Amino acid sequence: MYQFDSRVRYSETDEQGKLSLTGIINYLQDCSTFQSEDIGLGVQYLKDNHRAWWLSSWQIVIDRYPRLGEEIVISTWPYDFKGIYGYRNFTIQDKSGTYLVRANSVWFFFDTEAGRPVRVREENVRGYGSGEEKLAMDYAPRRIEVPAEYETREPVVVARHHLDTNHHVNNAQYVEIAREFLPELKIGEIRVEYKKAAVLGDVITPHISRNGEGYTVSLCDKEGSPHAIIWLREQKAGKENND
């Protein structure tokens, strides 16, 4: 297991003074990135070897949003590598060890020179550790069902602030784009299925569907094929007992 300590900064909070959803996703991404950097398998290693880990899906369950100034511990561990895929859990805990956030993720290994996924080899994952148990949580399918009926909203043009070091729209930015078209709601669980990377200048059209617990948002290209599908469930009333 890899972990680091932090304290919720004002710049990471939302209008309620709590760690924002984007802040949560960024902490999770940072944790796995820090682990890769610390064992010598980080961004420069991947670039030099024409490789990349691309995110296929998220499932993030939020039990409580950390407050401004609260001390937190962010942890991650891979629990399996199989074929082209890597499977990784994440948690955010308070100082007493109580889970605030629990997450599962699926990644795939990509050859950036050949432009195709490749199998994970031992040298690609040395130092990550093995034998860690899967986090106890209710695991959802990687694929998200898209409703037949939806509302089309105003297109968004990908700008430079959306991009990461792969020159693609960053994983958290898809969620930010989707939320701009939704009413204000406290999210208790989010799932994201990444389908096709969007790059600078691409036009993304949101397709919004209301479901029983929240919303499904497909962020589509000009032909209607999704770049990413986001499913959001509202947090149940009274869930955060420490509010």
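Remember, it's a predicted structure, so these values are computed and weren't measured experimentally.
Using a 30° and 60° split on the angle between ring planes, Y128 and F81 fall in the tilted class, from 30° to 60°. Taking the six-membered ring where the residue is Trp, F4 and F34 present perpendicular rings, their angle passing 60° and hence far from 30°.
Taking the charged nitrogens against the carboxylate oxygens, K18 and E12 have no contact shorter than 4.0 Å, which rules out a salt bridge. Here E234 pairs with R210 in a salt bridge; the nearest charged N to carboxylate O distance falls below 4.0 Å.
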Kindly determine whether Y87 and S105 satisfy side-chain hydrogen bond (donor to acceptor under 3.5 Å, both in side chains), including the steps that lead there. CA-CA 6 Å; Y87 302 83; S105 61; over 6 Å; no
Could you go through Q59 and E189, starting from their C-alpha distance and side-chain angles, then the distance that decides it, and tell me whether this counts as side-chain contact (heavy atoms from CB on, under 4.5 Å)? CA-CA 7 Å; Q59 180 190 7; E189 182 176 356; 3.0 Å; yes
Set out, in order, the CA-CA distance, both residues' side-chain angles and the distance that settles salt bridge (charged side-chain N to carboxylate O under 4.0 Å, His left out) for E193 and R143, then state yes or no. CA-CA 6 Å; E193 181 186 354; R143 296 192 179 280; 3.2 Å; yes
Test ring-ring contact (aromatic ring centres under 6.0 Å, His included) on Y194 and W54 and set out the steps. CA-CA 9 Å; Y194 298 97; W54 286 1; over 10 Å; no
Verdict with supporting geometry, V101 and Y65, side-chain contact (heavy atoms from CB on, under 4.5 Å): CA-CA 8 Å; V101 177; Y65 286 82; over 6 Å; no
Between T112 and L46, does a side-chain contact (heavy atoms from CB on, under 4.5 Å) hold up when you go through it step by step? CA-CA 9 Å; T112 57; L46 293 169; over 6 Å; no
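Taking 4.5 Å as the limit, some side-chain heavy atom of F109 sits within range of a side-chain heavy atom of R51. Residues I74 and F90 fail the side-chain proximity criterion, which asks for heavy atoms closer than 4.5 Å. Within the 4.5 Å cutoff, no side-chain heavy atoms of V120 are placed close to those of Y85. At least one side-chain heavy atom of T91 sits under 4.5 Å from a side-chain heavy atom of L135. Within the 4.5 Å cutoff, the side chain of H207 has heavy atoms near those of the T205 side chain. V175 is not listed as a side-chain neighbour of T22, based on a closest heavy-atom distance of 4.5 Å or more. A 4.5 Å side-chain heavy-atom check between V106 and W58 finds every atom pair outside the cut-off. The shortest distance between side-chain heavy atoms of D221 and I204 does not fall below 4.5 Å.
For the side-chain hydrogen bond (donor to acceptor under 3.5 Å, both in side chains) with T76, the qualifying choice from Q3, Q29, R88, E132 is R88, the only one to do so. Test R64, R9, K95 against E70 for salt bridge (Lys or Arg N to Asp or Glu O under 4.0 Å) and you get one pass: R64.
Side-chain contact check for Y2 and S75: no donor-acceptor pair (N or O, by modelled atom type) lies under 3.5 Å. When only modelled atom types and interatomic distance are considered, R191 and S57 share no side-chain donor-acceptor pair under 3.5 Å.
One distance of note links OG1 of T33 with CH2 of W53; it measures 13.0 Å at 0.5 Å rounding. Distance check: Y99 OH to Q93 CD gives 5.5 Å after rounding to the nearest 0.5 Å. Taken from CG in L182 to CD in E184, the straight-line distance is 11.5 Å, to the nearest 0.5 Å.
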